[in-house]
Amino acid sequence: MDVFVDRIAAAISGKTGVAASEVAPLIQTSNNPERGDLALACFALAGKAGTPGKDAAMALAQTLVGLSIEEVEVSAAGPFVNFKLAPAAIANDVLSRVWNQSPYGASDEGAGQTVVIDFSSPNIAKPFHLGHLRSTVIGWSLRQIYRALGYEVVGVNHLGDWGTQFGFMITAWKRWGDEAMPRIEAGERDVDVFVDLYVKINELAKKDPGVREEARSWFAKLEAGDEEALKLWSFFVERSKVEFQRIYDILGIEHESERGEAFYNDKMPATVEKLKASGLLVEGMTQRETALSKLERAEQKLEKSELELKQTEGKLADESLKDKARKKLSKRQGKLQGELPKLVKTVERAREAVPADEDGLRPQGVDLGEGMGFAILIKVNGGTTYTTRDVTAAYYRAETYSPSKVLYVVGQDQRDHFLPWFKILEAMGETWAKGFSHIGFGKYKGMSTRQGTAVFLDEVLEKARARAAEAAAAATKKVELSEEEREQVAQAIGTGAIKFFDLKADRQKDIDIVVGPEDARVIDWDRLLNLKGDSGPYLQFAHARLAGILAKAPEGSAPSLDAIDFELLGESETLALIKVMGEFLPKIRQAAEQNEPSVISRYVLDLAAKTHQFLAHQRVLTPIPQEGVDTEALARARLFLVACSKKTIAEALDLLGIEALEKM
Ligand code: ARG
């Protein structure tokens with residue numbers, strides 16, 4: 001609609017003397033389509049023109065009604081001016097852009113700026129869990145969205161390939177490797193075997209402190225560059241990556257850079273130096289002190305609750321107490337009584353956790369004060385932490401890419417990890433850290449993540465395959481698919497279903513795809529794979545439906561922008577579809593501003609719904625003849641619209657990482 005906004009702003013500027021560039025932002029999409037497509041509230045404009053106030057705004061509105069603007073009808077309601085655009089002009093503007101832009105919706109407003117997106121980032125020798133799946137899907141969509149806006153995007157896989165878990169893994173492998181290797185050789189997935197060992201060794205360590213010691217010393221050896229430790233480490237890394245790659249291939253996802261935590265090992269001393277130089281690095285509490293302060297806090301909480309409970313009881317004993325107050329008090333009493341045992345337990349646990357003897361060793365870190373506490377950067381044994389590695393990676397990214405934004409697509413539960421170290425960078429005076437954000441997301445509810453996502457993913461693909469086969473068998477006359485095509489379609493439907501389910505709601509919301517009674521929870525396959533509701537397959541089907549119409553067009557009638565009579569696209573369902581198509585770029589912008597792919601998900605749902613409505617009302621290839629209308633020209637215009645809608649749906653799906661299908 002930019003053309004019209006500019007045209008209107010120019011006319012108003014001519015009349016009022018206010019610069020067109022100041023008028024344009026005041027013109028908004030109307031929320032009353034009956035009255036007009038665009039609207040202007042005159043208050044601000046009256047002020048700019050030198051006569052503020054409501055009366056002046058009303059008077060101004062009346063003056064503007066007299067304007068004559070090409071293809072725009074102007075009317076006023078009180079202090080509001082409405083602009084109704086000629087339907088053919090809208091159609092011409094929107095559809096020409098859809099047709100000529102490649103890809104449609106792309107812009108260059110981000111040119112010259114780089115966005116680093118840290119996404120997926122699974123851990124070696126641990127399960128690739130549903131949180132990683134969400135990060136992968138959301139991160140990829142953000143990558144597509146920023147790219148559409150012209151940004152240079154660097155997708156980074158920050159693999160968890162360093163940390164104490166490797167001490168445990170090596171200890172486990174030394175113990176049980178001889179039994180584990182044959183399982184792998186017999187075809188079991190490496191990662192599954194690793195995870196088994198990881199779980200087993202952790203259980204053993206709980207009972208046997210010697211195992212914990214052994215793991216610690218193996219990790220120390222690894223950090224010191226011990227040959228055997230390194231060899232096993234790279235074995236775990238390489239084998240795990242094979243499984244990750246399998247998942248990325250299925251999902252059709254890649255990263256521009258794959259640099260795990262280990263990549264930063266030799267860069268860590270520089271970080272520590274910087275922190276020291278800034279004076280921020282201080283000694284923290286010893287283990288015993290930390291435990292004692294936790295205990296103290298727990299005891300205080302317990303004491304406070306006990307006191308309040310006593311007071312509540314005292315007040316309740318007062319006979320003159322009004323009913324309402326009594327109710328409120330006894331509710332509070334109930335709550336306190338319920339909480340008390342939990343608090344007692346916390347205190348007990350905190351007391352047990354206090355180590356008996358004091359080795360006096362202190363970690364080093366940054367004290368972030370009330371609320372955030374102490375962020376440990378160097379552990380008592382001299383080792384670094386997840387935070388040290390992230391701070392180091394932050395410097396590396398800032399120096400390597402000079403990004404305007406760095407986005408960390410990681411579960412909401414890691415908020416307490418990210419905010420403190422963002423704060424550390426701020427305290428260091430690193431202005432670039434302003435562009436760093438944690439893009440958190442909710443979790444999958446009611447699913448066991450123990451076995452990781454692989455099972456879920458494979459299961460969905462299997463179901464999708466079965467459905468695609470079923471559908472194809474039922475409609476053999478309509479869609480002809482070769483064996484190979486069917487395979488591809490099934491995979492695209494399966495991954496499309498998962499991705500859309502992940503992206504359709506606000507990312508911060510939890511995902512609920514499990515139904516059934518407590519003891520028999522199952523995945524709601526119908527919701528995930530259905531062709532009618534708000535699912536990925538539904539959107540893919542809308543696209544395939546349009547492709548089907550285009551395929552049936554007679555030879556020599558390939559859609560083209562020439563010779564389209566836009567006057568023929570004025571029916572209300574048709575125009576509604578065209579208007580939605582015109583909103584694509586503003587939606588992409590909004591999605592980027594909020595780092596929220598669901599803006600696009602909702603948009604493409606709307607687009608598909610409007611497309612189906614258009615098709616329900618208008619025949620495309622064989623329009624019903626109308627008095628004074630060239631039927632062939634009508635078919636041509638509608639076919640062109642079909643092609644434009646197909647293109648827009650495909651581009652929007654691409655922003656979600658979902659494959660648009662020609663046949664299904
Ligand atoms: N590997 C981490 C995990 O699985 C996620 C890493 C996210 N990225 C980062 N820079 N911390 O929890």
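We count ligands from 1, going down the list as the structure has it; atoms in each ligand are counted the same way.
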Spacing of Gln113 atom CD and Leu149 atom CG [to the nearest 0.5 Å]: 10.5 Å
Identity and distance of the protein heavy atom lying nearest atom 7 (C) of ligand 1: Val410 CG2, 3.5 Å
For atom 1 (N) of ligand 1, closest protein heavy-atom neighbour: Asn123 OD1, 2.6 Å
Separation between CZ of Arg212 and OG of Ser217, rounded to the nearest 0.5 Å: 13.5 Å
Closest protein heavy atom (residue, atom, distance) for atom 4 (O) of ligand 1: His132 NE2, 2.7 Å
Salt-bridge present (Asp359, Arg288; N to O < 4.0 Å): no
Trp432/Tyr401 aromatic ring centres below 6.0 Å: no
Selected option - heavy-atom contact closest to atom 6 (C) of ligand 1, from Tyr386, Tyr408, Phe128, Trp421: Tyr386
For atom 8 (N) of ligand 1, closest protein heavy-atom neighbour: Asp118 OD1, 3.2 Å
Audit row: Asn123, Tyr198, side chain to side chain donor-acceptor pair (under 3.5 Å) steps and yes/no: CA-CA 12 Å; Asn123 301 317; Tyr198 185 69; over 6 Å; no
Residue that, paired with Tyr264, satisfies ring pair (Phe, Tyr, Trp, His ring centres under 6.0 Å) out of Trp162, Tyr386, Tyr395, Tyr396: Tyr396
Centroid-centroid under 6.0 Å between His255 and Phe119 rings: yes
Proximity flag His129 to ligand 1, non-hydrogen atoms under 4.0 Å: no
Ligand 1-proximal atoms of Leu159, by part, heavy-atom distance under 4.0 Å: neither
Any N/O pair Gln414/ligand 1 closer than 3.5 Å: yes
Protein residue, atom and distance nearest to atom 9 (C) of ligand 1, heavy-atom basis: His158 CD2, 3.4 Å
